[in-house]
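In what follows, a single structure is set out as structure tokens and then discussed.
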Amino acid sequence: MFQPNSQLPVQTIKDSSALMQVDQTEKSIVVRDEKQNGGFAHAETIIYYSKRLQDDLQMLGMKIKGHEDNIKFLNAQNNKLDDLILDLQVTLGKHHGLSTPKIEIENHSQHQTEDQTTELILQHEKSAAGILCQLKARHGPQASHLQLTKDVLGIVATLGKVEDENLSRLFSEYLGLETMLAIVCKTYEGVKALETYDKQGCINKSSGLHALGATIGRNMDGRFLVICLENIIPYAGEFVADDPQRRLDLVKPKLPNGECPPGFLGFAVNMINVDNANLFCVTASGHGLRETLFYNLFSRLQVYRTRQDMVTALPCISDGAISLDGGMIRSTSVFSLGDREDVDVKFPKPLVTSTVPEKHIEAERQVKEVRWKKEKMHDDIQREQALLNHAKFNFDRKKQEFLKFLAESSSYATQAAPVTPR
């Protein structure tokens, strides 16, 4: 009665056996496919990584070529500047060892005037300015090549000249003795060289100006001012056209009625005579002392003939004013009253009007400007050379990485290759 059902287990066993055989076959196919796919994926990875390394090498090679072209171009420009300097020196007569007698006379007289100012500074024996002047007196031009002082341009009192003695006294009083004795440095590196500190922030008296003062028996007292030219925001306006002194083209003050105040003589910053050597390219950005140092010290300080003229002009005074009879306004709300203070260190008085030909002055200016451009060019060449060296280093490192990758890939390909049956 149940015979048909008694054969079911046998059929089930046969079906199960067939299923097992099919499963084993599929597993073997899957394993075989995984091996094939895995090898293919690894090959793709090798190709991709190889291509990326080649692209990196090509990019670095292009960078190297670019830096080499830049250096070649900069060197060519540098050679042109050398030729230009030689041409200008011929104009100056320096190429043949010539000089203009009038220039020698003028410079000689100027040195005498500066010496008088230096003597006054030296009387402040324990000041930083006095110590620097003492160093210059002992070592002469060599003092400017010392590590401590090579970035020092000078003392404020020696970097400008004023034709009128009364104005010189007023300017000195307005700035004050501390500012007149301030040291002027071109860069902040020069400022740091003058004074160093220990880990606790205390002054290191065994270095900088403190050490120099001790060696000559002049220990410094108190603080001293140092002006850093590269940190000064220069005057951004125009200059007076065709003016060899490069005076600033400042707008004259005007009263509410539109007229210039009576007794207005000019701006203090334009009444300072600056040596030709300091009119151009004193800072790394190419600026001179008038638009940096003296504009920072005087800004738009106005000069009037009398106190009454100055008071009348109050509505149009923004950065202070002085008058020839001793009046002084520090700002629109600060008036300096009382007796005049005679500051002993004053701006020296220049010689009579220069007899140097204008063409000579212009040629000197051009030589200074071209030499400044050469210094900038030298910096650019050094910067490009550093970039080139870095690019070559990266190229060599990437090349070694690529060669190592090729060697490892070749080894893998040898191991993964199927053995051909004999």
Side-chain angles (χ1 to χ4, degrees), residues 114 117-118 120-122 124 126-136 143-144 146-162 168 170-197 203 207-210 212-213 220-236 245-248 267-301 319-320 330-331 343-348 372:
E114 290 173 2
T117 301
T118 300
L120 292 170
I121 295 175
L122 285 171
H124 297 268
K126 296 185 177 182
S127 68
I131 292 173
L132 280 179
C133 287
Q134 183 68 32
L135 177 67
K136 185 177 179 180
S144 61
L146 299 176
Q147 186 67 29
L148 175 65
T149 58
K150 68 178 184 179
D151 199 58
V152 174
L153 190 62
I155 311 301
V156 167
T158 64
L159 294 175
K161 297 178 177 63
V162 179
S168 180
L170 286 169
F171 290 164
S172 300
E173 182 185 4
Y174 176 82
L175 295 178
L177 180 61
E178 187 178 29
T179 300
M180 291 296 291
L181 294 178
I183 299 170
V184 180
C185 290
K186 294 181 181 179
T187 68
Y188 183 61
E189 291 300 317
V191 177
K192 293 192 294 183
L194 296 178
E195 186 172 270
T196 61
Y197 310 92
I203 297 174
S207 68
L209 273 182
H210 297 277
L212 178 62
M220 285 194 300
D221 289 336
R223 292 182 177 271
F224 60 96
L225 295 183
V226 182
I227 299 174
C228 178
L229 291 180
E230 75 171 358
N231 289 351
I232 292 177
I233 299 177
Y235 164 76
Q245 271 287 309
R246 282 174 58 84
R247 291 177 176 86
L248 312 185
F267 294 96
V269 66
N270 285 335
M271 295 180 175
I272 301 289
N273 285 354
V274 181
D275 289 343
N276 292 332
N278 293 328
L279 283 172
F280 302 90
C281 306
V282 176
T283 68
S285 54
H287 295 291
L289 284 188
R290 189 181 304 281
E291 63 266 32
T292 55
L293 174 66
F294 291 113
Y295 185 69
N296 177 264
L297 294 177
F298 292 110
S299 188
R300 286 173 164 80
L301 179 72
D319 296 316
R330 296 280 176 179
S331 65
V343 177
D344 58 345
V345 178
K346 297 182 287 291
F347 291 107
W372 172 78

Worksheet entry | Step-by-step side chain to side chain contact (heavy atoms under 4.5 Å, CB included) determination, Ile121 to Leu132 | CA-CA 10 Å; Ile121 295 175; Leu132 280 179; over 6 Å; no
Discussion item. Walk me through whether Tyr197 and Ile203 qualify under side chain to side chain contact (heavy atoms under 4.5 Å, CB included).
Written reply: CA-CA 4 Å; Tyr197 310 92; Ile203 297 174; 3.8 Å; yes
Item to complete: Apply side chain to side chain contact (heavy atoms under 4.5 Å, CB included) to Cys185 and Leu194, showing your working.
Response: CA-CA 10 Å; Cys185 290; Leu194 296 178; 3.9 Å; yes
Worksheet item: Between Met271 and Phe298, does a side chain to side chain contact (heavy atoms under 4.5 Å, CB included) hold up when you go through it step by step?
Response: CA-CA 11 Å; Met271 295 180 175; Phe298 292 110; over 6 Å; no
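Closest approach of Phe267 and Arg300 over heavy atoms only: CD2-O, 3.6 Å. Scanning all heavy atoms of the two residues, the minimum distance from Arg246 to Leu279 falls at NE-O, 3.5 Å. In terms of heavy-atom proximity, Gly288 sits nearest to Thr292 at O-OG1, 2.6 Å. Of all the heavy atoms in Phe224 and His210, the pair that sits closest is CE2-NE2, 4.4 Å. When all heavy atoms are compared, the tightest approach of Ala157 to Val345 is CB-CG1, 3.5 Å. The two residues Ile131 and Gly213 make their nearest non-hydrogen contact at CD1-CA, 3.7 Å.
With hydrogens and angles disregarded, a donor-acceptor distance shorter than 3.5 Å links the side chain of Ser168 to the backbone of Phe347. A distance-only check finds no donor-acceptor pair linking the side chain of Arg247 to the backbone of Arg290 [under 3.5 Å]. Checked by atom type and distance alone, the side chain of Thr179 never pairs as donor or acceptor with a backbone atom of Gly176 at under 3.5 Å. Between the side chain of Ser299 and the main chain of Tyr295, no donor-acceptor pair closer than 3.5 Å is present. Under the 3.5 Å distance criterion, the side-chain polar atoms of Glu291 are left unmatched by any main-chain donor or acceptor of Ala236.
Looking only at side-chain heavy atoms (C-beta outward), Asn278 and Leu293 stay at 4.5 Å or farther from each other. Counting only heavy atoms from C-beta outward, the side chains of Val156 and Leu225 never approach each other to under 4.5 Å.
Leu209 pairs with exactly one of Ile183, Leu135, Val226, Val152 by the side-chain contact (heavy atoms from CB on, under 4.5 Å) rule, that one being Ile183.
Here NZ of Lys161 is found 3.5 Å from CG of Asp275. Values are rounded to the nearest 0.5 Å. Between the CD1 atom of Ile155 and the NZ atom of Lys136 there is a distance of 9.0 Å, given to the nearest 0.5 Å. The OG1 atom of Thr187 lies 3.5 Å from the CG atom of Asp151; values are rounded to the nearest 0.5 Å. Expressed to the nearest 0.5 Å, how far CE of Met180 lies from CG of Asp344 amounts to 9.5 Å. With rounding to the nearest 0.5 Å, the separation of CD in Gln245 from CG in Asn276 is 7.0 Å. Leu297 contributes atom CG, which lies 11.5 Å from atom CZ of Phe171 (distance to the nearest 0.5 angstrom).
Arg223 and Glu178 are not joined by a salt bridge, as no carboxylate oxygen comes within less than 4.0 angstrom of a charged side-chain nitrogen.
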